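These numbers come from a predicted model, not from an experiment. Just so you know, these numbers use all the heavy atoms, side chains as well, and skip hydrogens, waters and symmetry mates.
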Number of protein chains: 2
Amino acid sequence: MTIEDAEWKPPIVTVTVDLVIFTVRDGDLQVLLIDRGIEPYLGYPALPGGYIDKGETLEEAALRELHEETGLDARTLHLEQLHAYSDPRRDPRGRVITVAYLALGPDLPVPVSGTDAAAASWAPVSDALAGRLAFDHAGILRDGLERARSQLEHTTVAAAFCVEPFTISDLRHIYEAVWGFKLDPSNFRRKVTRTEGFLEPTGERYVPQIGRPALLYRRGNAAALSPPLLRTSQLSSAGGNAADRTMPLVPQENAGLAGSD
Amino acid sequence: MTIEDAEWKPPIVTVTVDLVIFTVRDGDLQVLLIDRGIEPYLGYPALPGGYIDKGETLEEAALRELHEETGLDARTLHLEQLHAYSDPRRDPRGRVITVAYLALGPDLPVPVSGTDAAAASWAPVSDALAGRLAFDHAGILRDGLERARSQLEHTTVAAAFCVEPFTISDLRHIYEAVWGFKLDPSNFRRKVTRTEGFLEPTGERYVPQIGRPALLYRRGNAAALSPPLLRTSQLSSAGGNAADRTMPLVPQENAGLAGSD
DNA sequence: TCACTTATGGTCAGTATGACTTTTACGTGG
DNA sequence: CCACGTAAAAGTCATACTGACCATAAGTGA
């Protein structure tokens with residue numbers, strides 16, 4: 001932060017936050033999108049977001065937008081900064097830099113159409129990426145997806161997708177929805193139960209319509225998963241039927257080192 | 001990015017980039033700092049950085065500042081976005097949001113005092129964190145250190161610290177400097193040589209003053225390290241002498257999930 | 001009762017790793 | 001020329017973790 005010349009006027013920049021809000025509904029990963037009510041990109045789906053207010057941090061702005069769009073707060077879900085996007089041509093109206101946040105939460109009441117939530121709705125990530133999104137939001141969504149997938153490897157955030165109390169199958173379904181392929185139930189159970197502080201048994205159990213009752217758990221207080229639960233070459237069909245194997249949502253992963261901009 | 005009211009004026013924000021530039025010199029991790037020539041924080045050490053210019057991306061701004069401070073470009077080193085810092089009180093002059101970048105490079109000619117590099121110099125990270133830094137740069141530096149340490153676990157960036165060609169010992173010294181403790185030479189060798197694409201043998205060898213000559217390598221084209229090279233409980237003394245075990249540079253790690261702001 | 005479904009638990013081989021030992025290849029000083 | 005010191009390179013071995021797979025348990029409904 002070198003300021004050599006007191007007369008120098010820094011370029012005018014507008015700063016916004018955009019939110020990649022993920023949940024798992026009906027067995028697949030969904031993202032909250034709004035329909036843009038104004039130009040540019042009128043009518044296009046876009047990530048929710050907005051300007052930062054004077055005197056608030058980016059994270060506070062993200063939480064505020066989140067609350068406006070979904071009625072949720074930080075106690076219910078996980079929020080983390082994703083990346084800042086700054087292509088000078090990303091917004092035709094001028095110089096707008098956006099800082100994207102990733103929010104992960106359980107399948108909730110459905111977007112409570114808040115104040116300015118014009119038409120917020122959940123869409124499967126695969127659908128959202130197949131169509132067009134406003135601005136550079138497709139790229140932001142891709143980055144958010146990759147971050148979410150990576151976080152599941154190294155942390156216990158997957159539990160943030162679950163409504164407590166939950167079963168190990170519920171948790172496994174989160175992994176399967178986010179990663180896009182099936183996991184071996186037995187090996188998955190071994191991993192998560194042996195990871196100290198991932199799950200906290202409630203003693204209760206859930207009796208389903210069919211099949212053996214499952215034990216119920218709550219989130220533990222561990223944040224990190226070490227050793228990690230890697231998603232390399234997990235191609236198990238878990239039922240002998242290759243047809244129920246879900247395809248990856250995005251064909252190419254960006255496994256690169258450098259942060260893109 | 002919801003813009004409901006065309007009359008609404010977004011708050012005025014200034015955006016800067018700050019750089020955490022690491023290298024390994026004399027066996028320990030050093031960071032490039034400048035001495036602030038103006039208020040606020042006159043005379044305090046600070047991370048190099050500056051305003052973004054009109055029409056350039058944050059990454060371009062980071063590369064430009066990097067070049068001004070060190071004379072280096074992206075071909076020589078690794079650059080990635082770290083985090084955006086937005087506390088409204090982080091700069092007493094007003095609303096300044098900064099996006100920090102992490103740069104990793106080999107020990108080079110020394111900072112070429114460029115145009116506005118008032119007094120740029122390398123300082124051991126432990127020293128920098130022990131003293132005071134301008135603004136919130138201590139926190140940024142801590143985050144950069146943690147990111148660098150983590151990157152060494154999962155990627156091959158450590159090679160970005162080495163001048164080609166290099167020996168496996170050179171590479172191991174990078175890990176030891178960044179992580180702050182010694183590694184077992186034999187196990188380290190096994191890991192890096194068996195990781196496809198990490199090292200590319202040159203066929204040449206380096207004949208040192210003492211000891212057996214070492215083979216020389218160049219960077220391979222692999223970016224990811226899987227399985228990762230974890231730094232958990234690596235407490236080997238590598239020579240039987242506990243005294244040469246380096247202490248961690250920072251006592252407490254922030255291993256949390258959520259992005260801080 | 002059996003059939004069906006899912007949860008839970010166990011086996012076993014292959015891989016990766018930490019701790020440790022052994023051998024190799026230099027320069028150097030007797 | 002040889003013993004010595006040093007560090008690289010290579011090997012050993014027990015343990016941990018994982019993927020693939022098999023077995024049993026605990027419910028519901030016919």
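- Computed from coordinates, the A:Ile210 CD1 to D:dA30 C1' distance equals 15 Å when rounded to whole Å.
- Per the geometry, CG belonging to A:Leu215 stands 12 Å off C1' belonging to C:dG9, to the nearest Å.
- Between the A:Gln81 side chain and the B:His83 main chain, no donor and acceptor come within less than 3.5 Å of each other.
- Within 4.0 Å (heavy atoms only), B:Ser169 reaches sugar-phosphate atoms of the nucleic acid but no base atom.
- As a whole-Å value, the separation of B:Leu183 CG from C:dA19 P is 11 Å.
- An OP1 or OP2 oxygen of D:dA9 is reached within less than 4.0 angstrom by a side-chain nitrogen or oxygen of B:Arg189.
- Residue whose closest nucleotide on DNA chain C sits further toward the 5' end, between B:Pro228 and A:Pro208: A:Pro208.
- As rounded to whole Å, 13 Å separates atom P of C:dA16 from atom CG of B:Leu225.
- The closest donor-acceptor contact from the side chain of B:His78 to the backbone of B:Leu104 lies at 3.5 Å or more, if one exists at all.
- Checking the phosphate oxygens (OP1, OP2) of D:dC17, no side-chain nitrogen or oxygen of A:Lys191 falls inside 4.0 Å.
- Below the 3.5 angstrom threshold, one finds a donor paired with an acceptor across the side chain of A:Arg190 and the base of D:dG19.
- In this structure, the side chain of A:Arg205 does not engage the main chain of A:Pro213 through any donor-acceptor pair within 3.5 Å.
- For the pair A:Thr195 (side chain) and A:Lys191 (backbone), a donor-acceptor distance under 3.5 Å is present.
- With rounding to whole Å, B:Asn187 atom CG is found 14 Å from D:dA8 atom C1'.
- A straight line from CD of A:Glu153 to C1' of D:dC17 spans 16 Å, rounded to a whole angstrom.
- Which of C:dC26, D:dG27, D:dA20 sits closest to the side chain of A:Pro213 comes down to D:dG27.
- A:Thr70 places no side-chain N or O within 3.5 Å of a backbone atom of A:His67 that could act as its donor or acceptor partner.
- Between the P atom of C:dT6 and the CZ atom of A:Arg172 lies a distance of 10 Å, rounded to the nearest Å.
- Considering only side-chain atoms of B:Arg212, the nucleotide from C:dG18, C:dT8, D:dA9 that sits closest is D:dA9.
- Within 4.0 Å (heavy atoms only), B:Arg194 reaches no atom of the nucleic acid at all.
- The nucleotide whose nearest atom lies closest to any side-chain atom of B:Asp184 is, among C:dG10, D:dG27, C:dC20, C:dC20.
- In this structure, CD of B:Gln209 is placed 10 Å from P of C:dG27, rounded to the nearest angstrom.
- The base of D:dG27 is not paired with the side chain of A:Arg205 by any donor and acceptor separated by under 3.5 Å.
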